[in-house]
Protein chains: 2
Amino acid sequence: MIQAHAVRLFMERGYDGTTVNDVAEAAGVSPMTVYRHFPTKEDLVLVDQNGPLVAARVSATPAGQPLVRRIGGALVESARALTAGDDRFLLARLRLMISTPALRARHLDNHHVLQQAIVDGLGDEAADPDTAFRAAAAASACLAAMHIALVRWATEDGHGDLPDLISEAFAAAFGDAAPRRR
Amino acid sequence: MIQAHAVRLFMERGYDGTTVNDVAEAAGVSPMTVYRHFPTKEDLVLVDQNGPLVAARVSATPAGQPLVRRIGGALVESARALTAGDDRFLLARLRLMISTPALRARHLDNHHVLQQAIVDGLGDEAADPDTAFRAAAAASACLAAMHIALVRWATEDGHGDLPDLISEAFAAAFGDAAPRRR
DNA sequence: CCCATTATTGATAGTCACTATCAGCCTGGT
DNA sequence: ACCAGGCTGATAGTGACTATCAATAATGGG
């Protein structure tokens, strides 16, 4: 509930034009309570609970294929699941992320966490440091390409199919090793 | 001079354990003067002047090859030039970046600027939105893979050859399309 | 149903990054 | 000598965030 008020206010008055006190007042709680649930102001926008879900999808893919195809395929599937229902909240948060430098930076740093989750999800497949290094390189490259697709999707106001855009970004970056479009 | 004092203090007492006032006092200037030259505390570490250089290298590569090979090759060359002289300052700044969340986030956001510079450097080759989109996807994937190599290089205290590590990361992410090792 | 333990909230007072404003100072050109 | 420009500094803010402690609500056992 606090988050809903926060995103609404950020869209109305801008991120920097809204103080945490404003959010607290709109939500009818004290500023302390806001800080208790969202350690930083950025977290009011950037709560991302589907990291483990992506990692699980990756580790469920067959081991024989190129890493970027496995990881990319999992990301495309996740995007399809995310955009299946109501896009608007996702789109609003994305637009805030892209237009606000502080949010954009923190969002990119979150990729670091997700990338680690993906590598960890590979388990024994990425046991030794060299293999883990290669998996991390593949994962972060995939996430970076996906981010470009997210930005384009948001700047086009959510028209177009997000999974298709992500697939196109993967094709541009990885060529034959990219996940196959269906 | 201010920056030199800042990096020294950050390494001694940690980034969060050092205030901008401490830096100002160590440098013998007023806090206002520090803020005048470095708009944010993060900028005391994250001065990055070789963006246009990378973009120029990319646009100088032959147009027939895959984008990731052209961009990747330019990044490997730039890394070779950067590590040719004295590594220590670069290494110290990298370690600060990796260990401090705020710096890591801002550094990743700087990739966004560099990626845009690379796409712009392609000029007419990335004229229409679709081509620019594909170029951006390739560029950001390359930068993300390079970042993984930078992190590994820093955690290994600068042993190992940075250009080789970057090439290895590219090979892991892009396979055959990666720039050829020399 | 009541009491004790515990989690959640709130108020207060701070620190620190950063900004706006204004005043002094030091330079270079005439 | 004089004046105009930028560089510097002091002061007084705003706002994110933290530490600490009191108060209130929820929970579980008797």
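Below, chain A is the first sequence line, B the second, and so on; all start at residue 1.
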Which one, D:dA16, C:dG10, D:dG9, comes nearest to the side chain of B:Thr33? D:dG9
Rounded to the nearest angstrom, tell me the gap between atom CD in B:Glu25 and atom C1' in D:dG9. 15 Å
In whole angstrom, what separates B:Glu42's CD from D:dA16's P? 16 Å
Along DNA chain C (nearest heavy atom to each residue), the more 5'-positioned of B:Met32 and A:Val29: A:Val29
D:dC7 phosphate, OP1 or OP2, under 4.0 Å from B:His37 side-chain N/O: no
Starting from the C-alpha separation in whole Å, work towards a yes-or-no answer on side chain to side chain contact (heavy atoms under 4.5 Å, CB included) for A:His111 and B:Leu108. CA-CA 10 Å; A:His111 279 188; B:Leu108 290 172; over 6 Å; no
Donor-acceptor pair, distance only, cut-off 3.5 Å: does the side chain of B:Thr100 make one with the backbone of B:Leu103? no
Could you state the atom-to-atom distance from CG of B:Asn21 to C1' of C:dA17 in whole Å? 9 Å
Distance-only donor-acceptor test, B:Arg36 side-chain atoms vs D:dG6 base atoms, 3.5 Å: no
Atom-to-atom span, CG of B:Leu9 to P of C:dC16 - whole angstrom: 14 Å
Using whole Å, what does the distance between atom P of nucleotide D:dA16 and atom NZ of B:Lys41 come to? 18 Å
Salt bridge check: are B:Asp157 and B:Arg95 linked by an N-O gap of less than 4.0 Å? yes
May I have the distance from B:Phe10 (atom CZ) to C:dC16 (atom P), rounded to whole angstrom? 13 Å
What is the distance, rounded to the nearest whole Å, between atom OH of B:Tyr15 and atom P of C:dC16? 14 Å
Check the distance between C:dA17's P and B:Asp16's CG and give it to me in whole angstrom. 9 Å
Selection from C:dT19, D:dC17, C:dG10 that lies nearest to any side-chain heavy atom of B:Tyr35: C:dT19
Is there a donor in the side chain of B:Thr131 and an acceptor in the side chain of B:Asp128, or the other way round, less than 3.5 Å apart? yes
